[in-house]
Amino acid sequence: MATKKTPAKTAAKPAAKAESKPAAKAESSKLGKTQMVDLLASRSGLSKKDAAHAFDTLGDILVEALRSGQTVGMPGLGTFSVTATAERQGVRPGTSERITIPAGKKVRFKVASPLKAAIGATE
């Protein structure tokens, strides 16, 4: 014998879906890889597959160059570089325990003047 869903259960499901939509809307302000590939394909005339390959290749080139110690300039956007960080003292949140943060490397990005002007940024 088949069981029937009660009206209360079916009414609860649409409410749960409605609650999850604002969270998705908040993420819509982020331009992700899929959206960037779609824009690249539509503006360049490439297929989505070719645009995705070009996007991934550009990322791979950037990582390889930074890993080898090179600085990467992207005209109109800015410059990526790797800088060394010194060992330093820190405090562990919650316990206030003093810890040593090891030396390492981090990626820096210096924004180009045309990009600053295009978005109206001031410094």
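None of the values given here were measured: they were computed from a predicted structure.
Linking Ile, Leu, Val, Met, Phe, Trp and Tyr residues whenever their side-chain heavy atoms come within less than 4.5 Å leaves V63 and L58 in two separate clusters. Hydrophobic clustering of Ile, Leu, Val, Met, Phe, Trp and Tyr side chains at less than 4.5 Å, counting indirect connections, keeps I99 apart from V91. Hydrophobic cluster membership differs between I101 and V107, with clusters built from Ile, Leu, Val, Met, Phe, Trp and Tyr side chains linked at under 4.5 angstrom. L77 is not connected to I61 by any chain of hydrophobic side-chain contacts under 4.5 Å among Ile, Leu, Val, Met, Phe, Trp and Tyr, and they are in different clusters.
The CZ atom of F55 sits 13.5 Å away from atom CG of L46, with the distance rounded to the nearest 0.5 Å. Atom OG1 of T71 and atom CZ of F80 lie 11.5 Å apart (nearest 0.5 Å).
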Steps toward side-chain contact (heavy atoms from CB on, under 4.5 Å) verdict (I119, V111): CA-CA 11 Å; I119 62 170; V111 180; 5.9 Å; no
Candidate pair H53 and T57, rule side-chain contact (heavy atoms from CB on, under 4.5 Å), full reasoning: CA-CA 6 Å; H53 182 67; T57 302; 3.7 Å; yes
Stepwise side-chain contact (heavy atoms from CB on, under 4.5 Å) test for V82 and R67: CA-CA 8 Å; V82 176; R67 191 175 286 147; over 6 Å; no
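Looking at Q35, its side chain does come within 3.5 Å of a backbone N or O of G32 through a donor-acceptor pair.
Residues A112 and G76 share a closest heavy-atom pair of CB-C, 3.9 Å.
A heavy-atom distance below 4.5 Å is not found between the side chains of T85 and K105. Two residues are said to be in side-chain contact when any heavy atoms from C-beta on lie closer than 4.5 Å; M74 and T79 fail this criterion.
Just one residue in the list K49, R43, K48 forms a salt bridge (Lys or Arg N to Asp or Glu O under 4.0 Å) with D38, and that residue is K48.
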